[in-house]
Chemist: 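Mind looking over this structure? Questions follow.
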Amino acid sequence: MRTLLDDLVVKALDRQAPTREQALDLLATGDDDLLDVVAAGGRVRRHFFGNRVKLNLIINMKSGLCPEDCSYCSQRSGSKADVLKYNWIDPVAAAETADRAVAGGAKRVCLVASGRGRPIVTSGASPRPCWPSRNVIRELKCARVSGS
């Protein structure tokens, strides 16, 4: 294993891609080798980026109430996973969270939600597609314009 990892590190530092055989060998490593794989990746990262990190934040706009049934997902319909379950969060609260994250050094804020397709709002005269995340974006833009 050490030889494979050392070879991959040398190639990566020389900006060369692994061979198909090397990539498959790496994918076939067992759990006992995981820390060695992580350490090898760390050597490459430190060479190119030093100890710098970039802070990103994910704001989960909706959690655990997805109508889809993707077998791998903890937020799927019928999942017994212990995840928070809530519908769309308040746009103002999401915008305030994004502002705090950026003030704290985040370089990117991502708005994510469980589910597929456009959510349908059924209140009012007729059902219509709606993206609640648009309201968060509107709140962020308003905060920038007003200077708050």
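These numbers come from the heavy atoms of this one structure, side chains and all, not from hydrogens, waters or symmetry mates. Just so you know, these numbers come straight off a predicted model, no measurement behind them.
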Chemist: Just wondering, are more than 12 heavy atoms of other shown residues or ligands nearer than 6.0 Å to CG in L35?
Modeler: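 No, because the 6.0 Å sphere around CG of L35 holds 12 heavy atoms or fewer from other groups.
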Chemist: Transitively linked via ILVMFWY side-chain contacts under 4.5 Å: V38 with L8?
Modeler: no
Chemist: Is there side-chain contact between N60 and Q75, with heavy atoms separated by less than 4.5 Å?
Modeler: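 Sidechains of Q75 and N60: in contact.
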Chemist: Does R108 reach the side chain of L57, with side-chain heavy atoms less than 4.5 Å apart?
Modeler: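 No, too far: nothing below the 4.5 Å cut-off.
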Chemist: Roughly how far, to the nearest 0.5 Å, is the SG atom of C66 from the NZ atom of K85?
Modeler: 11.5 Å
Chemist: Is any side-chain heavy atom of M61 closer than 4.5 Å to one of Y86?
Modeler: no
Chemist: Which atoms form the tightest heavy-atom contact between A94 and I89, and what is the distance?
Modeler: CB-CD1, 3.7 Å
Chemist: Backbone N or O of G50 within a donor-acceptor pair of the R45 side chain at under 3.5 Å?
Modeler: yes
Chemist: Counting only heavy atoms not in L55, do more than 12 fall under 6.0 Å of its CG?
Modeler: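 More than 12 within 6.0 Å, yes.
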Chemist: Can Q22 and K11 be counted as having a side-chain donor-acceptor contact under 3.5 angstrom?
Modeler: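 Side-chain D/A pair, Q22 to K11: present.
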Chemist: Report yes or no: do I59 and W88 belong to one cluster of Ile/Leu/Val/Met/Phe/Trp/Tyr joined by side chain heavy-atom distances under 4.5 Å?
Modeler: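 Linked, I59 and W88 end up in one cluster.
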Chemist: Tell me whether S74 contacts the main-chain N or O of A81 through its side chain, where contact means a donor paired with an acceptor under 3.5 Å.
Modeler: no
Chemist: Below 4.0 angstrom, N of the basic side chain to O of the carboxylate: do R43 and D6 qualify?
Modeler: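 Yes, this pair counts.
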Chemist: Has the side chain of D14 got a donor or acceptor atom that lies under 3.5 Å from a matching backbone atom of Q16?
Modeler: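 No, because the side chain of D14 does not come within donor-acceptor range (under 3.5 Å) of the backbone of Q16.
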Chemist: For a 4.5 angstrom cut-off between non-hydrogen side-chain atoms, does D36 reach R2?
Modeler: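 With C-beta onward as the side chain, the pair touches.
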Chemist: Tell me if the CG atom of D69 is crowded by more than 12 foreign heavy atoms within 6.0 Å.
Modeler: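 Yes, the 6.0 Å shell around CG holds more than 12 heavy atoms from other groups.
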Chemist: Within this structure, what is the CG-CG distance for the pair D33 and L26, rounded to the nearest 0.5 Å?
Modeler: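 That separation rounds to 9.5 Å.
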Chemist: Using every non-hydrogen atom in the two residues, find where V83 and G64 come nearest and quote the distance to one decimal.
Modeler: CG2-CA, 4.3 Å
Chemist: From M1 CE over to T29 OG1, what is the distance, rounded to the nearest 0.5 angstrom?
Modeler: 4.5 Å
Chemist: Tell me whether the count of non-hydrogen atoms from other residues, nucleotides or ligands lying under 6.0 Å of CG in L84 goes above 12.
Modeler: no
Chemist: Kindly indicate, with the supporting measurements, whether the criterion side chain to side chain contact (heavy atoms under 4.5 Å, CB included) is fulfilled by K54 and F49.
Modeler: CA-CA 10 Å; K54 182 173 78 172; F49 301 104; over 6 Å; no
Chemist: Do N56 and V109 have side-chain heavy atoms sitting under 4.5 Å apart?
Modeler: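 Answer no - side chains too far apart.
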Chemist: Membership question, hydrophobic clusters at under 4.5 Å side-chain separation (ILVMFWY): are V44 and V53 in the same one?
Modeler: no
